[in-house]
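Everything below concerns the one structure shown next.
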Amino acid sequence: MKNRKVKLMQGNEACVEGALAAGMKFYAGYPITPSTEIAEICSQKLPLVGGKFIQMEDEIAGMAATIGGSLAGLKSMTATSGPGFSLKQENIGYAALAEVPCVIVDVQRAGPSTGLPTAPSQGDIMQAKWGTHGDHPVIALSPTSVKETFDLTVKCFNLSEKYRTPVMLMLDEIVGHMREKIEIPEADEIEIYDRKKPTQDEVDTYKAYRVNEGEIVPAMASFGEGFHFHVTGLMHDEFGFPSNDADTADKLLRRIMNKISDNVDDIVMFEEEFMEDAEMVVLAYGGTYRSARSAVKKARAMGLKVGLFKAITIWPFREKRVIEIAKDQKKILVPELNLGQYVLEVERIVAGKTEVHSLGKVNGEAITPDEILAKIREVL
Amino acid sequence: MKNRKVKLMQGNEACVEGALAAGMKFYAGYPITPSTEIAEICSQKLPLVGGKFIQMEDEIAGMAATIGGSLAGLKSMTATSGPGFSLKQENIGYAALAEVPCVIVDVQRAGPSTGLPTAPSQGDIMQAKWGTHGDHPVIALSPTSVKETFDLTVKCFNLSEKYRTPVMLMLDEIVGHMREKIEIPEADEIEIYDRKKPTQDEVDTYKAYRVNEGEIVPAMASFGEGFHFHVTGLMHDEFGFPSNDADTADKLLRRIMNKISDNVDDIVMFEEEFMEDAEMVVLAYGGTYRSARSAVKKARAMGLKVGLFKAITIWPFREKRVIEIAKDQKKILVPELNLGQYVLEVERIVAGKTEVHSLGKVNGEAITPDEILAKIREVL
Amino acid sequence: MSSQLIKNNFRMDRLPHIWCPGCGHGIIMRSMAQAIQNLGLDKQKVCIVSGIGCSSRAPGYMDFNTLHTTHGRALAFATGVKLANPELKVIVVTGDGDCSAIGGNHLIHTARRNIDITTIVFNNNIYGMTGGQYSPTTPTNDFGTTAPFGNIDKAFDICKLVDGAGATYVARGTAYHVNQLTKIIEKAISNIGFSLVDAISICPTYYGRKNKKGTAVQMMNYLKDSAVDTKVAEKLPPEKLENKFFIGEFKNTTEPEYTEEYMKIIKKYQKER
Amino acid sequence: MSSQLIKNNFRMDRLPHIWCPGCGHGIIMRSMAQAIQNLGLDKQKVCIVSGIGCSSRAPGYMDFNTLHTTHGRALAFATGVKLANPELKVIVVTGDGDCSAIGGNHLIHTARRNIDITTIVFNNNIYGMTGGQYSPTTPTNDFGTTAPFGNIDKAFDICKLVDGAGATYVARGTAYHVNQLTKIIEKAISNIGFSLVDAISICPTYYGRKNKKGTAVQMMNYLKDSAVDTKVAEKLPPEKLENKFFIGEFKNTTEPEYTEEYMKIIKKYQKER
Amino acid sequence: MVNQKEIRLSGSGGQGLILGGIILAEAAILDGNNAIQSQSYGPEARGGASKAEVIISNEAIDYPKVDKADLLLALTEVAYKKYIKTLKEDGILIVDSSVNIEDKNPSYKVMQIPILDTAFEKMGKGMVANIVALGVIREVTNVVSAESLEKAVLNRVPRGTEELNKKALMEGYLLASNRD
Amino acid sequence: MVNQKEIRLSGSGGQGLILGGIILAEAAILDGNNAIQSQSYGPEARGGASKAEVIISNEAIDYPKVDKADLLLALTEVAYKKYIKTLKEDGILIVDSSVNIEDKNPSYKVMQIPILDTAFEKMGKGMVANIVALGVIREVTNVVSAESLEKAVLNRVPRGTEELNKKALMEGYLLASNRD
Amino acid sequence: MDNRKADKKLKIVEEWCKGCNICVAFCPTNVLELRNNKVAIADIDKCTKCGLCELRCPDYAIYLEGSEDEK
Amino acid sequence: MDNRKADKKLKIVEEWCKGCNICVAFCPTNVLELRNNKVAIADIDKCTKCGLCELRCPDYAIYLEGSEDEK
Ligand SMILES: Cc1ncc(C[n+]2csc(CCOP(=O)(O)OP(=O)(O)O)c2C)c(N)n1
Ligand SMILES: Cc1ncc(C[n+]2csc(CCOP(=O)(O)OP(=O)(O)O)c2C)c(N)n1
Ligand code: SF4
Ligand code: SF4
Ligand code: SF4
Ligand code: SF4
Ligand code: SF4
Ligand code: SF4
Ligand SMILES: [Mg+2]
Ligand SMILES: [Mg+2]
């Protein structure tokens, strides 16, 4: 067995360590509680590995520079919280349409607006999917522990490189700010995916937005490597040039949506526990999952037949598995630190096949295991 | 009968006329296709009625100034399109939490990102609900004709004043840019709602965020009227002062959500046609509704039993009525100029009680009646 | 108990404020209140607007029409308030980050329009509220939590910036030179047009600690020793000006004011009344 | 068929461009290409970045690494590109609206950081792409579709603005004075640091029409007659300068450049390679 | 019975076709009918072909876009080439005489009329070509009454040009009637 | 069997309680246990009461927040007043001797210990109060081993202060053991 | 401001004092001191009623007013 | 730029010309004219090969190059 480093580490710090392990070399952002530690640690650690950190004038610029960094060839990340996440939306849409890989961390705090800046929340879950205008592809993951924050940050980079799309890490103040034991894997234990690049002999034939046979996304050149390509946020053809043609637009948009929906199995991660004989399932994610696990264990100790489903990938949604659960007539309870967001998607997927219950909380405090337990007993 | 003016008018122009009829006295915005005419006409017409127009440096500032204008006592509006709608999101959340009435017009164009700036779309329907971070109340209406644009703009102002909340008019390029016959009602035919203000003898007892007995929202003073109140985007108590108290936060957020959900019947508007014997229903909104109506008429002419449901209020959703339709086993088809957004909410509400079908289009062209007709025949 | 000035101008039940021991913001806020009182403004007609930051908490304590907006957007909200009701004396309280980082665009445009808004920058050369990241006014080579190797950015001179953008009154004061600051704020408020006061504050908690500037008292002494009045500065030899910064009035001109110009249009074209 | 300059520097299959007959943007774009060619820059290492607007369509025609971003954000994207790969010569093409309205904050901050980016403003004093709304550089009293009663805003002098913000090279040229413009762009690109060229363009379609400025030729004549070289201007009496604007170099200094400073930190602290 | 006519006016930017479409629609409204006018916007339109569309009906008009037109006006060759595909098989093409017609045996009816020449030469004002064209269209289709069309034209044209435009209409009527 | 201890350290900002919490958690990890440290952030915290929380367990820790604590350390009266409600009925309160205890007959165990005095007077360095407190807590609860605690302290304190901090720990041990 | 300096008395709002020491350091005549991290008057007789302490106290915890000095 | 002016020939790309008249107006020797809204050469013999038309043509539709004038 490897002699891994065991450390006490904050969630936000693990996010940076994960990013560095994944090969992040560029960070641009603007500080905001409770994500600020991510910027701070990046400013300290990036130069040590030859990477770049820049504090921009605002979140819009932070997102823009992150995309710029990625186009110039570096794995890039930015981090923020609710108000900044709202500001970044326009450029997130740009990254989605122009297919620029990058990672956006949203350490969720209680909103709306300035809200309760230091209080935990899971209020941006729907915004992650719908925050920018127009249809666009979305991948979002949400970690439940410091270790998982490390792992999922690596995963975010991998997915973004593989699918040429912005990927969101939906942290929350609970996980972002707590310190927990973590074993940092050795470099060679970590799977890293780097964007596919065109080869130098393609210089003359390269089309920046053509998907080659057998590939999921177009090969991606970096600025400065000899490929004179064009990148735009307008609808564009295979060369990357603006086009008003209806078919071109349709093809482009459906391709970037399908690259995600066709690969749900590769992207979606979840975990289950206590499911065999469960009559109801608590479906939870992020920091609230920890309360849910505690509650389910307590419930089991009381003899209640409760299962636990951890949604790791938030978007796209794990439709197949949740439909199975619903068909098994297991009731579903979704506790979350908002007034019921993810539960809406669960309701939609379940389509009446089983009961779906919501437990929301928005007073700035975490949901306690006892609150979930009480709801479990009410539902069962 | 009144001698109403009959005119050929553009949708965007009707929006301004409606706003003026409703008492708009302040407009702040930033030009963007296809909403620009709204700003242009406001700049011409507002001074004529003693109102103010200002072109701000960007959409964020446009939204901010609109809120400022409303706090100073004027009925205020801003208009934009996708990219600008994304930028306004942070401050829309502010208006929602601070309960500042104002109207935001989004003339939807094809996205994501810069997309196809002059092409019609209904791609921001979900963003209208989820665009800003954190849970927040949302009212959004979508007109299907020039006349309805006039009427619904009036309605937007009324709802925003009544519920002290930002209200969105989700126009689309189809309705915004077409010219159509409109009869402008006389001033005295138009129902106008003005925000409830505290009386001068309440100067010393006024609490800016206390809901008085029998009222839906707190009475709203304007700056400069002698009430020294405080407005903040932080969670706040009944005085409007920041508070970190869990109960205060909970109470506030639930109150502003409930003021909408408790009054769905007052807010929600819809229309039905051809429903009696319908075996399926086409549920449509905005510009696409017109294609749907044409298609349904053609279908009826062919003997197909198809009904038509016009969603006028987009958010909140007309749950009660849609559930009834579903219970009647009428299949539902939702055609929309996106890859299927509103249909998701229909699916959720229907919860498996009937079949729900989606017809999406994102190539920058309107959905034609024939496309809907073809889908009707496929579904029936 | 507290002084008449405080009682007359502050929301007593909101005090004491949340600022750290020795934070310069409290001194500047008092100076503002003093200036408003000295001018004898009608309290009902004063509207104080801020963004987000330690500094931006000030309006919450002040007993006027007060508005605490989103980060960086105070001037844009204030523009709406002022244009909608030009009778109001609109004063914006902002931080160096709030007004010159995220809010930089609103700052230059509000200056350009010469709209009658007075901006008081509580400039502590750092993002205080979020815990000490460098700001656009942090001097080169200084440290912040996001500048662990020393800041390589050049700092804005906010006064020069708004001058270039079109402000008609521009001045600087400090939390040490309080009486002068009060006078400057009075003149800024009296100017009909866009005025900016760069009020140099101190943040012992973050800027001070990160840069080994010592206690609040030591930081106040720094202000005392390093600030040179512009009028005096002109007469001093360059070597006396090394490592100094300038205070006093930099610009005091009169140009057409935005809301007045707008009212002219209304007067000329208004049909309904 | 077309000239060698065009063939060498443009994407021939994208031409002719979408700009209106007589639009000054085409002249400025050619001047840029000429400057790049004159400097003998390695085409692989040139990256041209723009925002949104008529002007911002330029990169789509130019055969380099090109990036057409979101409205106002070109300089922020460009900052990412440049910092990530300092080897690239980054040139930003932007409009008066793009860079000084919505993009004003990025403009002043990029100038402040003195990062090695050259900004060419295609300044036509109007929002061309959206059909003629007044912009922050529309002169007072001029008309736009949103200034039907005459513009009451004061105009930015973009050169003064970025000077106040910290740019190290600042100059102005026009679509009429093409050879001078090309020289200026060459010098701007050669400056290691933030450079800005305010390239005065003409928009006959909107600005011209709204303000009765006549045909493209008449507007070119206006540029010819109203532009005065700064060097000459110093020697002229004030009455000769009425209704004139200045062209030429306003600032040409050397200060530490952002990416170079960053590389020093990396050299000093980097552990892994 | 529903009587709905869909008309597409095409030519180059600056020929006033959008104004033409608006006037036609307003004339229809004066007749007590319904009308919808729309156009395509777009940066690419700068300098290229321009078009405006009008739907006129005695009933409510649902779908506001014109797909295949009953009548296509084409004032330039570029416009003719671009939009001829969008004319109904049994539609009417009104095309300026300067335009080179390719299809020698079309299913639709072709009327080649010297609209531009008339406006330039006879009237001395190229800018009234749109009004001449409206006259032609009215005369050919009867889709609006002459009375309403004149009223609609006079409502929209700049003061002082009323007589000129009335004359342009007349020229249009003549051009159309002279043909048959 | 699950053995889980939840500890809340409270006092005023600047007393190093968060660092104290981190060290305690790291010591637990050195012992091979699990630990979670968290704290409340917030603008209101400026100058007011400050706290840090640590959960130590021999199993996985799910819910990371401390609701009712097994042990409350309160170094100031403000902190004592604010957090005493959050101590378990059968918990332990370790409180600085300077604090005025109100409840004369509590269900929890009260240990009043001169932590600040010891740090200030005996050690001459107020800033080691947190380390003295850690010594006390260890001695009272045995929640971490002395060996790991010392290691964790030395890992975290500034170079040159190792001996001082070792001594502070010792003083803590003494304070606790002297009591009984 | 009232200018009859001599009439004014020095007052302290102890609960508001955060012990920053600014008033102490900048009192020209050393009237003040910190006790237990709160401002306190060491020697009222030296006070010239110059008002500098009030002017610079960030917390409005010391001021001149009324007719009775604090001792 | 190649400076052997006399060797150069004047060329026109008619499809690209948008008829803005700039080259016509600013040609110092009146070589050019608009025909049918496109640039045309009225009198090539007057051309001094100064290159101003090329410099100011917004559409790159006129230039000096190669060895054959357009007539
Ligand atoms: C959109 C947004 N981005 C970031 C933040 C986080 N934030 C709050 S205050 C602040 C900086 C405040 O600095 P400054 O304006 O200088 O005020 P100070 O606290 O120093 O007085 C930041 C970055 C926020 N609240 N909203
Ligand atoms: C976020 C956003 N807001 C507004 C617009 C609309 N828009 C596009 S270009 C433009 C103005 C362009 O003006 P300028 O930069 O001066 O360029 P020009 O067209 O005059 O060359 C505007 C307002 C947009 N695309 N995105
Ligand atoms: S952090 Fe700095 S600016 Fe903020 S209150 Fe404390 S001392 Fe003042
Ligand atoms: S609108 Fe103006 S700026 Fe845009 S292409 Fe036409 S002339 Fe040029
Ligand atoms: S009034 Fe002056 S002399 Fe008296 S205590 Fe205050 S500072 Fe000292
Ligand atoms: S200046 Fe104020 S807060 Fe500071 S020590 Fe003196 S009285 Fe206390
Ligand atoms: S080269 Fe000079 S002289 Fe010849 S046509 Fe062109 S502008 Fe005229
Ligand atoms: S300048 Fe160019 S586009 Fe204009 S007329 Fe001459 S050749 Fe044609
Ligand atoms: Mg600051
Ligand atoms: Mg422009």
Side-chain angles (χ1 to χ4, degrees), chain A residues 20 25-28 43-76 78 90-91 93-95 97-98 100 102 203 208 221-234 236 239-242, chain D residues 11 13-14 18 42-50 52 57 59-90 102-103 105-106 108-110 112-113 115 258-259 262-263 265-273:
Chain A
L20 290 168
K25 282 285 182 321
F26 191 87
Y27 180 100
S43 76
Q44 289 150 24
K45 301 217 161 169
L46 273 170
L48 310 187
V49 299
K52 319 282 172 72
F53 164 91
I54 186 166
Q55 182 172 294
M56 296 297 287
E57 49 274 20
D58 60 21
E59 286 89 349
I60 298 174
M63 190 67 230
T66 300
I67 297 170
S70 181
L71 286 165
L74 303 188
K75 290 191 182 176
S76 302
T78 189
E90 190 199 5
N91 282 336
Y94 182 93
L97 184 62
V100 185
C102 55
V203 164
S222 307
F223 288 149
E225 294 179 336
F227 302 85
H228 284 189
F229 60 104
H230 186 60
V231 177
T232 179
L234 287 164
H236 46 269
F239 291 91
F241 292 120
Chain D
R11 294 172 170 135
D13 51 345
R14 304 294 303 167
I18 60 162
D42 178 353
K43 282 182 68 176
Q44 322 293 4
K45 299 295 176 197
V46 173
C47 181
I48 307 183
V49 184
S50 71
I52 297 288
R57 287 298 188 101
Y61 303 113
M62 304 187 73
D63 193 25
F64 299 89
N65 301 285
T66 55
L67 176 58
H68 179 228
T69 71
T70 46
H71 188 37
R73 317 302 173 189
L75 282 162
F77 280 80
T79 297
V81 170
K82 177 71 188 179
L83 181 58
N85 183 357
E87 270 189 16
L88 294 170
K89 260 292 163 202
V90 177
I102 192 168
N105 207 27
H106 313 305
I108 58 179
H109 281 274
T110 318
R112 180 176 65 81
R113 282 186 204 104
I115 187 166
Y258 190 85
T259 59
Y262 203 96
M263 291 314 291
I265 290 184
I266 290 184
K267 284 224 180 75
K268 194 156 158 198
Y269 296 99
Q270 185 171 8
K271 289 176 185 158
E272 302 169 27
R273 255 153 232 275

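Lettering follows sequence order; numbering is per chain, from 1. As the structure is a computational prediction, the values presented were derived from the model and not from experiment.
To the nearest 0.5 angstrom, D:Ile265 atom CD1 is 10.5 Å from A:Phe53 atom CZ.
Using modelled atom types, no side-chain atom of D:Tyr269 and backbone atom of A:Gln44 make a donor-acceptor pair closer than 3.5 Å.
When all heavy atoms are compared, the tightest approach of D:Gly60 to A:Phe241 is O-CE2, 3.7 Å. A:Lys52 and D:Pro86 make their closest contact through NZ-CD, 3.7 Å (heavy atoms, listed as atom of the first residue, atom of the second, distance). Counting all heavy atoms, side chain and backbone alike, A:Gln55 lies closest to D:Arg113 at O-NH2, 3.4 Å. Between A:Ala72 and D:Val81, the shortest heavy-atom distance links the atoms CB-O, 3.7 Å. A:Asn91 and D:Arg73 make their closest contact through ND2-CG, 4.1 Å (heavy atoms, listed as atom of the first residue, atom of the second, distance).
If you tally non-hydrogen atom pairs under 4.5 Å between each of D:Thr70, D:Ile108, D:Val49, D:Leu75 and chain A, the highest count goes to D:Thr70. Among D:Asn85, D:Leu83, D:Leu88, the residue making the largest number of heavy-atom pairs under 4.5 Å with chain A is D:Leu83. When the candidates D:Lys43, D:Met62, D:Lys268 are compared by the number of heavy-atom contacts under 4.5 Å with chain A, D:Lys43 comes out ahead. Comparing D:Arg11, D:His71, D:Met263 by how many heavy-atom pairs each has under 4.5 Å with chain A, the most go to D:Arg11.
Here the side chains of A:Asp58 and D:His106 are in contact, with some heavy-atom distance below 4.5 Å. Put simply, the side chain of A:His230 does not reach to within 4.5 Å of the side chain of D:Arg14, judged on heavy atoms. Between D:Tyr258 and A:Ile54, some side-chain heavy-atom pair lies under the 4.5 Å cut-off. A 4.5 Å side-chain heavy-atom check between D:Arg57 and A:Leu234 finds at least one atom pair inside the cut-off.
For D:His109, the side-chain hydrogen bond (donor to acceptor under 3.5 Å, both in side chains) test picks out D:Asn105, D:Arg112, with sequence neighbours left out. Applying the side chain to side chain contact (heavy atoms under 4.5 Å, CB included) criterion to A:Leu71, with sequence neighbours excluded, gives A:Ile67, A:Val100, A:Met220, A:Phe223, A:Val231, D:Leu67.
Looking at A:Phe227, the atoms closer than 4.5 Å to chain D (heavy atoms on both sides) all sit in the backbone: N, CA, C or O.
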